[in-house]
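What follows is a set of notes on a single structure, which appears directly below.
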Amino acid sequence: MTRHLRAALAAAALALALACKGAVSPPPEAAPAPPPEPPAPAATNVVFPDGWTVQVDLALTPEQQAQGLMFVKYLPPDRGMLFLFAEDGPRSFWMKNCFIHLDMVWLDGGDRVVDISRDVPPCEKDPCPNYGPSRPARNVLEVQGGLCAAHKLAIGDKLVVVGLPAGVRP
């Protein structure tokens, strides 16, 4: 190979190396991290004396309380609804438009069980019967029918409500 040919090849290789070096794109800038998602609202749970925990939806407004668990076709054993009221009263519930059996646990202001309506059946035709406690109650927990018997819940037992949103009750 002649000196001129070697020089030409070396020049071409150098030109190619410089061209490739310039063609290499710099590392991409790190994409900004997406903003953090807001935390999911904490679940509200009711803990039975035996440790069984039920995650509950809250019925706080008159509309939510009137709707309750109507039209629900299946309620898992670890789910329920907690109706919260501002004061004690002669609460009365019915099972119109309910499709599942429910246990209704009537509670005082300190979450102590004052009465239990067990395995209440859906209302099949009007007029639907009303269910209520034997004495005034503050709040009501509705869970799957038979759950109270399965967990041996009794009048006088204390339930623990965990994760209520701030300001929901005093």
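All values derive from a computational prediction rather than experimental measurement.
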Exercise for the section: Please answer: with hydrophobic residues joined when any side-chain heavy atoms are less than 4.5 Å apart, are V161 and V143 in the same cluster? Expected result: yes
Exercise for the section: Measure from the side-chain N and O atoms of T44 to the backbone N and O of G163, and report whether any donor-acceptor pair falls under 3.5 Å. Expected result: yes
Handout entry: Spacing of NZ belonging to K96 relative to CZ belonging to F71, to within rounding of 0.5 Å
Key = 9.0 Å
Exercise for the section: Kindly indicate whether the side chain of L159, heavy atoms from C-beta on, has any atom under 4.5 Å from the side chain of P49. Expected result: yes
Practice task
Applying salt bridge (charged side-chain N to carboxylate O under 4.0 Å, His left out), run through K152 and D157 and close with a yes or a no.
Solution key: CA-CA 10 Å; K152 299 179 176 37; D157 283 349; over 6 Å; no
Problem - C123/C98 under disulfide bond (SG atoms under 2.5 Å apart): CA gap, chis, key distance, verdict - result: CA-CA 7 Å; C123 175; C98 287; over 6 Å; no
Handout entry: Spacing of CE belonging to M95 relative to OG belonging to S117, to within rounding of 0.5 Å
Key = 10.0 Å
Handout entry: Where G110 and K158 come nearest, the two heavy atoms and their spacing
Key = O-NZ, 2.6 Å
Exercise for the section: Answer with yes or no whether the side chains of S134 and D115 bring together a donor and an acceptor at under 3.5 Å. Expected result: yes
Practice task
Side-chain contact test, heavy atoms from C-beta onward, threshold under 4.5 Å: evaluate it for W52 versus L147 and give yes or no.
Solution key: yes
Problem - Carboxylate-amine/guanidinium contact D88 R135, below 4.0 Å - result: no
Problem - Distance in Å, L60 CG paired with Q65 CD, rounded so as to fall on 0.5 Å steps - result: 7.0 Å
Handout entry: Residues Q67, Q64; criterion side chain to side chain contact (heavy atoms under 4.5 Å, CB included); working and verdict
Key = CA-CA 5 Å; Q67 176 73 34; Q64 292 167 332; 5.8 Å; no
Practice task
Look up atom OG1 in T53 and atom CZ in R79, then write down how far apart they are to the nearest 0.5 Å.
Solution key: 13.0 Å
Problem - Atom pair CG/SG of L141 and C148 - distance to nearest 0.5 Å - result: 7.0 Å
Exercise for the section: Spell out, as yes or no, whether a donor-acceptor pair under 3.5 Å connects the side chain of N139 to the backbone of F85. Expected result: yes
Exercise for the section: Look at the side-chain heavy atoms of Ile, Leu, Val, Met, Phe, Trp and Tyr, link any pair under 4.5 Å apart, and say whether L102 and L107 land in one connected group. Expected result: no
Practice task
Flag yes if M81 and L153 sit in one hydrophobic cluster, no otherwise; membership is Ile, Leu, Val, Met, Phe, Trp, Tyr, and two members link when side-chain heavy atoms are under 4.5 Å apart.
Solution key: no
Exercise for the section: Begin from the C-alpha positions of V120 and M104 and carry the test side chain to side chain contact (heavy atoms under 4.5 Å, CB included) through to its verdict. Expected result: CA-CA 8 Å; V120 176; M104 296 177 196; 4.2 Å; yes
Exercise for the section: Would you confirm whether the ring centroid of W106 sits within less than 6.0 angstrom of the ring centroid of Y131? Expected result: no
Practice task
Please check if V56 and I116 belong to a single hydrophobic cluster, counting links between Ile, Leu, Val, Met, Phe, Trp and Tyr side chain heavy atoms closer than 4.5 Å.
Solution key: yes
Problem - Verdict with supporting geometry, V54 and N45, side chain to side chain contact (heavy atoms under 4.5 Å, CB included) - result: CA-CA 5 Å; V54 176; N45 295 293; over 6 Å; no
Handout entry: Gap separating the CD atom of Q144 from the CG atom of D78, nearest 0.5 angstrom
Key = 9.0 Å
Practice task
Establish whether L75 and L82 are linked, either directly or via other cluster members, by ILVMFWY side-chain heavy-atom contacts under 4.5 Å.
Solution key: no
Practice task
Decide if the gap between the ring center of F93 and the ring center of F83 is smaller than 6.0 angstrom.
Solution key: yes
Problem - Non-hydrogen atoms of Y74 and I100 that approach each other most closely - result: N-CG2, 4.1 Å
Problem - Residue pair F99 / P122, side-chain heavy-atom distance below 4.5 Å - result: no
Problem - Any P133 side-chain heavy atom under 4.5 Å of V140 side chain - result: no
Practice task
State, with a plain yes or no, whether a side-chain heavy atom of D119 is found less than 4.5 Å away from one of D103.
Solution key: yes
